[in-house]
Each structure stands twice: as structure tokens, then as C-alpha cells.
Amino acid sequence: MKKNFTQQVYDVVRAIPRGKVLTYKEVATRAGNPGAFRAVGNILNKNYNSSIPCHRVVRSDGKTGGYNRGAKMKTKKLKQEGAII
DNA sequence: CATTTGACGCCAA
DNA sequence: TTTGGCGCCAAAT
């Protein structure tokens, strides 16, 4: 099954275990395009699915970035899960 | 089909 | 060390 970059991003993000966080660049690299970190955020933003814990995807700067439900809640959820940024 | 946007990352000053 | 600017890819309009 040939997965496109977008599909890979979904799969990678969905595979993030609780209490763990990945950077956009890490997700992009796992998806097969180390330089498409921009597209990763774009895809998640335009395709927010409840099955995808996008709140576990953070920036490389240590910031949580944005979130459809509110970046504030995203950070809160991460802390609640025990994720270390 | 071409252009703009976007939840970013890295380099230079 | 911190701030600013530039570059990248994919999707949406």
C-alpha cells in the first residue's frame, strides 16, 4: 500500500504514544519528507481528526505551537498526559 | 493551472 | 544568547 506524504503524517501522529511528543520536523522525517515540516502543520490544520492526537505534535523550539481547540488546551492536555516539552 | 496561505525550522546578524 | 529574515512543502482557493 503506497501511502502519500499526507497519509504517512496521519499514521505517524496517530502512532504517538501517550506521554510522548514529537516535533513537526520529526513527524515530517518519519513521513518521508524531512523538509516538509511546513506541510505537516498545514495538513493537520486543514484536516483535524479526533483520531489523530495532533496535540502531541510540538515545535522544535519547545513551544506547543497551535491547536484547533486552542493552543492553551493543547499544552494543558500534554501536561495532563505527563509529556515533557 | 497559478498563486497564497500556514499549527515551522534553520541560519545569520 | 536572542531576534529577524528566508526557505520549504503540500493543500486550499
Side-chain angles (χ1 to χ4, degrees):
Chain A
M1 173 181 177
K2 227 164 142 57
K3 291 183 203 165
N4 289 346
F5 174 70
T6 311
Q7 197 65 52
Q8 284 284 51
V9 172
Y10 281 98
D11 189 61
V12 171
V13 176
R14 198 183 299 167
I16 303 177
R18 175 182 160 286
K20 179 73 184 284
V21 290
L22 288 177
T23 63
Y24 286 95
K25 197 170 165 208
E26 286 291 289
V27 175
T29 304
R30 284 183 178 215
N33 281 51
F37 42 83
R38 294 287 287 206
V40 174
N42 229 351
I43 291 158
L44 296 174
N45 180 18
K46 290 177 165 114
N47 293 288
Y48 180 68
N49 294 313
S50 307
S51 306
I52 303 175
C54 1
H55 61 268
R56 288 185 191 150
V57 184
V58 298
R59 294 190 24 162
S60 306
D61 298 277
K63 298 172 199 6
T64 50
Y67 193 48
N68 298 21
R69 306 308 207 238
K72 202 101 179 214
M73 194 180 102
K74 175 176 176 177
T75 310
K76 195 171 178 178
K77 280 168 78 118
L78 289 171
K79 282 182 100 163
Q80 195 175 70
E81 292 183 356
I84 304 170
I85 309 300

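All chains are named by letter (A, B, ...) in the order of the sequence lines, taking the proteins before the strands, and each is independently numbered beginning at 1. Because the structure is a prediction, the values reported are computed rather than measured.
For the pair M73(A) CE and dA7(B) C1', the interatomic distance rounds to 14 Å; values are reported in whole Å. Distance Y67(A) OH to dG6(B) C1': 18 Å, rounded to the nearest Å. What separates CG of L44(A) from P of dG6(B) is a distance of 16 Å, to the nearest Å. To the nearest angstrom, C1' of dA10(C) lies 15 Å from CD of Q8(A).
Contact check, T6(A) against dA10(C): no side-chain N or O comes under 4.0 Å of OP1 or OP2. Here K63(A) does not reach the OP1 or OP2 of dA7(B): none of its side-chain N or O atoms lies under 4.0 Å away. Considering only side-chain N and O atoms, T64(A) lies nowhere under 4.0 angstrom from the phosphate OP1 or OP2 of dA7(B). Contact annotation: R59(A) side-chain N/O to dA7(B) OP1/OP2 distance is not under 4.0 Å.
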query = What's the verdict on salt bridge (Lys or Arg N to Asp or Glu O under 4.0 Å) for D61(A) and R59(A), showing C-alpha distance, side-chain angles and the deciding distance?
reply = CA-CA 5 Å; D61(A) 298 277; R59(A) 294 190 24 162; 3.0 Å; yes

inquiry  = Could you go through F5(A) and V40(A), starting from their C-alpha distance and side-chain angles, then the distance that decides it, and tell me whether this counts as side-chain contact (heavy atoms from CB on, under 4.5 Å)?
reply    = CA-CA 9 Å; F5(A) 174 70; V40(A) 174; 3.6 Å; yes

query = Checking side-chain contact (heavy atoms from CB on, under 4.5 Å) for the pair N68(A)/N45(A): CA distance, chi angles, key distance, verdict?
reply = CA-CA 7 Å; N68(A) 298 21; N45(A) 180 18; 4.0 Å; yes

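Here the side chain of K25(A) is nearest to one of dG6(B), dA11(C), dG9(B), namely dG9(B). Side-chain atoms of K46(A) lie closest to dT5(B) of the nucleotides dT5(B), dG9(B), dA7(B). Out of dG6(B), dA12(C), dG9(B), the shortest distance to the side chain of N47(A) is found at dA12(C).
Partner Q8(A) forms a side chain to side chain contact (heavy atoms under 4.5 Å, CB included) with one of D11(A), T6(A), N4(A) and no other, that one being D11(A). With V27(A) as the fixed residue, the side chain to side chain contact (heavy atoms under 4.5 Å, CB included) test singles out one of V13(A), L44(A), I43(A), N33(A): V13(A). Under the side chain to side chain contact (heavy atoms under 4.5 Å, CB included) rule, L78(A) has a single partner from R56(A), M73(A), K20(A), which is R56(A).
Taking only distance into account, the side chain of Y24(A) meets the base of dA7(B) through a donor-acceptor pair shorter than 3.5 Å.
When both distances must be under 3.5 Å, the Watson-Crick or G-U wobble mate of dT1(C) does not exist. For dG7(C), the paired nucleotide is dC8(B), the pair qualifying as Watson-Crick or G-U wobble because both relevant distances are below 3.5 Å.
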Restricting both atoms to N or O, compile the protein contacts to nucleotides 6-9 of chain C shorter than 3.5 Å, with distance only.
residue, atom, partner, partner atom, Å
dG7(C), N1, R38(A), NH1, 3.4
dC9(C), O2, A39(A), N, 3.4

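Heavy atoms of N68(A) sit under 4.0 angstrom from at least one base atom.
For the pair H55(A)/E81(A), a side-chain contact is recorded, criterion being any heavy-atom separation below 4.5 Å from C-beta on.
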